[in-house]
There are 2 protein chains.
Amino acid sequence: MRSISTDLAAKLRLGAAVFAGRGYDAATIEALSDATGVPSSTLYYNFAGKQEILAFLLQDWLDRTSVVVATAIEGPATAAVRLEAVIRAQLAAMADDPSTCQMLLAELGRIDRLPHIADAVQQAFHRPVAKLLVEGAVDGSLAEVSIENATAVIYGAVTLTGLHHVVASDGHTPAFDVDAVATDVVGLVMNGLGSR
Amino acid sequence: MRSISTDLAAKLRLGAAVFAGRGYDAATIEALSDATGVPSSTLYYNFAGKQEILAFLLQDWLDRTSVVVATAIEGPATAAVRLEAVIRAQLAAMADDPSTCQMLLAELGRIDRLPHIADAVQQAFHRPVAKLLVEGAVDGSLAEVSIENATAVIYGAVTLTGLHHVVASDGHTPAFDVDAVATDVVGLVMNGLGSR
DNA sequence: TGCCGAGTTGGAATATGATTACAGTATCAG
DNA sequence: CTGATACTGTAATCATATTCCAACTCGGCA
């Protein structure tokens, strides 16, 4: 993959809707070319193939998401408070870019075949949460749990709830009411379902 | 799709590993034919195409999963107790058939394009949980929460934790220690992360 | 001004794999 | 035995990704 100009990158983002709308295999290069205004020969000049275009779009979004999540995780507050901020930031990123978010979750099961993307997902979703779980056990604001399973549980809870609302929306941005959904998700993640 | 003999169905299940291993588009009909021992002409005689074969495998597994989940949900116990049984049953179904489970989650983002499958997922995963959430609010064993979001949270927590372990395994069955994982997931779903 | 190289583009050529068509074979109920 | 239905091998057909290549643009620069 050549280095992509910001101009080209901006056009390519329009292609996310094509991938999200039709699914990876049904999204033809020609449709991608039409949607972005970039001729297919130019696409092949800049990328090794369709898969690399997909990977670029995912990486682009994940990198931006990582940045806002990294900001959310900072600060002197307890781990529990910062975990809430992280979850809100992740849901906001999904609501802001429903197409890419849908693309990403469509690739979930085969993400181990896109190692760079798997790393970026770790960076944006798993590692921040794992870090807070450790810190929360230390500062007493979070219960002590299996990091591995708790990270997976939170990742699943956040992304599939986001996906549910994204699919229900019709590509509007934001795709859903981030505050309301985040409040519900955070409530469940922090307090669980048990009556008390 | 013609009616599929149990004999053919059994052979086809061998094909799940091909879909799971390579991903839908990289899985060629020829590879599917080799893996199952069913000639490609026979596949096309019985199914309208590759997508329908995928759909059959998913439906097959989801139907079986629905049955065990429906059994788990029965009984006089509180909704909380039965919710735990349901989650265990769902994780057990995933561990028992890692290939199909991986196939299913690979199709998550495009599942709205396979309406029958989306229905079957509702049947096996969402509806039982939604039912218990309502009953739990009545019998007092579960907190009152948004059914829509809580259902999505639990679905995400269960399936992505399962997927995490399935991907980590190498196709062995069971793919992971169901009891241990279920205990962690149920603990988080019921009690959350908050220290108490 | 005129050249150079990188980026861009249109269009033809190639390759792969899904799907179809069809004819011949097997199986099984009556 | 016979007809119907299911199965299978082979040879097209077709769509689409990918490659190839020649022409074109354009900014820097001697």
Side-chain angles (χ1 to χ4, degrees), chain A residues 1-60 103 106-107 109-111 113-114 116-117, chain B residues 1-60 103 106-107 109-111 113-114 116-117:
Chain A
M1 180 170 64
R2 310 197 170 241
S3 95
I4 304 301
S5 71
T6 57
D7 180 51
L8 179 56
K11 287 181 185 168
L12 284 172
R13 291 196 189 107
L14 301 174
V18 176
F19 277 124
R22 309 194 185 189
Y24 176 77
D25 35 321
T28 67
I29 291 286
E30 196 185 345
L32 223 48
S33 166
D34 289 348
T36 59
V38 181
S40 62
S41 358
T42 304
L43 291 176
Y44 277 103
Y45 179 76
N46 285 285
F47 298 96
K50 190 169 144 181
Q51 167 138 332
E52 205 173 75
I53 300 174
L54 176 84
F56 171 81
L57 289 169
L58 293 177
Q59 186 83 52
D60 178 57
M103 268 171 55
E107 297 305 311
R110 61 192 84 176
I111 211 164
R113 255 161 273 126
L114 302 171
H116 282 185
I117 304 303
Chain B
M1 179 170 65
R2 303 184 178 252
S3 97
I4 304 302
S5 71
T6 56
D7 179 51
L8 178 56
K11 287 181 184 167
L12 284 171
R13 292 198 187 104
L14 301 173
V18 176
F19 277 124
R22 309 193 185 188
Y24 177 77
D25 36 322
T28 67
I29 292 286
E30 195 186 344
L32 222 48
S33 166
D34 288 348
T36 59
V38 180
S40 62
S41 7
T42 304
L43 292 175
Y44 278 103
Y45 179 77
N46 285 284
F47 299 96
K50 189 169 145 180
Q51 168 138 330
E52 205 174 76
I53 299 173
L54 177 83
F56 171 81
L57 289 170
L58 293 177
Q59 187 84 52
D60 179 58
M103 269 171 54
E107 297 306 311
R110 61 192 84 178
I111 210 164
R113 255 162 275 123
L114 301 171
H116 282 186
I117 303 304

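Labels below follow one simple rule: chain letters A, B, ... track the order of the sequence lines, proteins then strands, and each chain is numbered from 1.
- Listed by first and then second residue, the ring pair (Phe, Tyr, Trp, His ring centres under 6.0 Å) pairs that reach into residues 22-45 of chain A are A/Phe19-A/Tyr24, sequence neighbours excluded.
- With rounding to whole Å, B/Arg22 atom CZ is found 15 Å from C/dT16 atom P.
- For A/Arg13, the salt bridge (charged side-chain N to carboxylate O under 4.0 Å, His left out) partners at least two apart in sequence or on another chain are A/Asp60.
- The interatomic distance linking B/Asp7 (CG) with C/dT27 (P) rounds to 13 Å, in whole Å.
- Applying the side-chain contact (heavy atoms from CB on, under 4.5 Å) criterion to B/Ser5, with sequence neighbours excluded, gives B/Asp7, B/Leu8.
- A salt bridge (Lys or Arg N to Asp or Glu O under 4.0 Å) check over residues 18-29 of chain A, counting only residues at least two apart or in different chains, returns the pairs A/Asp25-B/Arg110.
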Self-check item: Annotated protein contacts, base or backbone, on nucleotides 6-27 of chain D with a non-hydrogen cut-off under 4.0 Å, one of B, S, - each
Solution: BSBB-------SBB--------
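- One interatomic measurement links the two molecules: CG of B/Leu43 to P of C/dG17, which rounds to 16 Å at whole-angstrom precision.
- Judged as a side chain to side chain donor-acceptor pair (under 3.5 Å), not a single pair has a partner in residues 34-43 of chain B (not counting sequence neighbours).
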